[in-house]
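Atoms within each ligand, like the ligands themselves, are counted from 1 in listed order. Nothing fancy with the numbering, it's 1 onward along the sequence.
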Amino acid sequence: MLNSLQAQPEDKIIRLIEEFKGDNRRDKIDLGVGVYRDSTGATPIMSAVKKAEKILWNRETTKSYTKIAGDESFRAAIVSLTLGHSSPSDRIASIHTPGGTGAVRQAFELTRLAAPDARVWVSDPSWPNHLSMAKHVGLPIETYRYFDQEARSVDFDGMMRDLASANAGDVLILHGCCHNPTGANLNRSQWLELREQVAAKGIIPLVDIAYQGFGDGIEEDAYGVRTLAEQLPEILIAVSCSKNFGIYRERAGVLIAVAESAKASDLAQATLSHLNRQNFSFPPDHGARLVTMILENEEGLRQEWLHELETIRVSMLDLRARLSAELRQLTGSDRFGFLSSHRGMFSLLGASRTQVLEMRKRAAIYMVSDGRINVAGLNKASVAILAQAMVKAGL
Ligand code: LMR
């Protein structure tokens, strides 16, 4: 059997992690995978998380199973963080999944069960795993225009025109905030306009929200998803705790399904629990426990976490402003001004694959082959090194 396997396409982000590790140059700079790094290049454990771990270590008396859908208090805390009061609780079903990726995967599995002919609309460009997971699950895929390469902002007209050919029941993947990889996001009036089109056509949004708190703020970043949830009959939401709690390896995420009625939500809940059981059984609990303790503000941990998150957010904005200023000085133009208006960890620099490889070869700077940088991988010193390498590479 194993001899007959076909080689699978490599994931460019996972591959880049390995390539970076294999480079022996001491001054190498990692702007690849979306992991927050402080000014020393470390990915620290947030102090609120560390404190929650200590409390948990003392308190936890069993490692027996939780619930197949995951612990209720965790799911309730995440639903509240993401949706606020935008949807009535009796229309909400949810499962704890291994990370936000697990939530997207379960959303696809749910779609395959409920509507196998539904097409999944993915932004062009998007996080590569959106496309490859939808393909893996066997769902038909369509792409919609998202990014204006010239203006380096959202091509909203193109997006709306492409979505005009979506069918009722098609699933539309949206990035809740901090679009990956472009860094360009819908503004508030665009979210409202999009909601009208989605409602009129009967499209089901699947909002992937993995960076809440990294863009404009914890509440501000939930504007889009809450706006949709307030009025649409159905919406799926994949939430990740990996980035905003810095618990990447703990795999804590939630898939939320807002259904049309309480009855439909009960059926969705039972189906989601079934999907957990079929795919991996009980979800991992450790990360979810920590997140729950923090969000429930045990010993003031919520405030501490919010403060840390804000520090991270502001530091990324500062790095964006520095890079854009450095490039303004080097090029005598404002063509990299978009870096400071983008939000979140990522921006697409506009570098060709050749330019990306040239920067890697000459300056040991690692970014994804499409020219995506993780801004959090920079520090005050490496901003200048990147800016110089970009100009040398002809950007
Ligand atoms: C990224 O885009 O770099 C992150 O979301 C990590 C991943 O799993 O790809």
Hey, is N180 touching ligand 1 through its side chain, its backbone, both or neither, going by heavy atoms under 4.0 Å? side chain
Over 60° means perpendicular and under 30° means parallel, so classify the ring planes of Y211 and F346, tilted if in between. perpendicular
Among all protein heavy atoms, pick out the one at the shortest distance from atom 5 (O) of ligand 1; state its residue, atom name and that distance to 0.1 Å. K243 NZ, 3.0 Å
Would you say M345 touches ligand 1, if touching means a heavy atom closer than 4.0 Å? no
Once side chain to side chain contact (heavy atoms under 4.5 Å, CB included) is applied, do any residues pair with A321, and if so which ones, sequence neighbours excluded? none
Under 3.5 Å, is there a donor-acceptor pair between the N180 and R372 side chains? yes
Who clusters with I68? Use side-chain heavy atoms, under 4.5 angstrom, across I, L, V, M, F, W and Y, and order the result by chain and number. Y65, F282
Could you check whether E298 pairs with R59 (Lys NZ or Arg NE/NH1/NH2 to Asp/Glu carboxylate O, under 4.0 Å)? yes
Show me which atoms of ligand 1 lie under 4.0 Å from any heavy atom of V33. 3 (O), 6 (C)
Kindly assign one of parallel, tilted or perpendicular to the pair H175 and H130, based on the angle between their ring planes and the thresholds 30° and 60°. perpendicular
Take every heavy atom of Y248, measure it against each atom of ligand 1, and state whether any distance is under 4.0 Å. no
Which ligand 1 atoms does R372 reach within 4.0 Å, using its non-hydrogen atoms? 1 (C), 2 (O), 3 (O)
Among all protein non-hydrogen atoms, which one is nearest to atom 7 (C) of ligand 1, and what is the separation to 0.1 Å? W127 NE1, 3.6 Å
Nearest-neighbour protein heavy atom for atom 3 (O) of ligand 1, which is reported as residue plus atom name and distance: G34 N, 2.7 Å
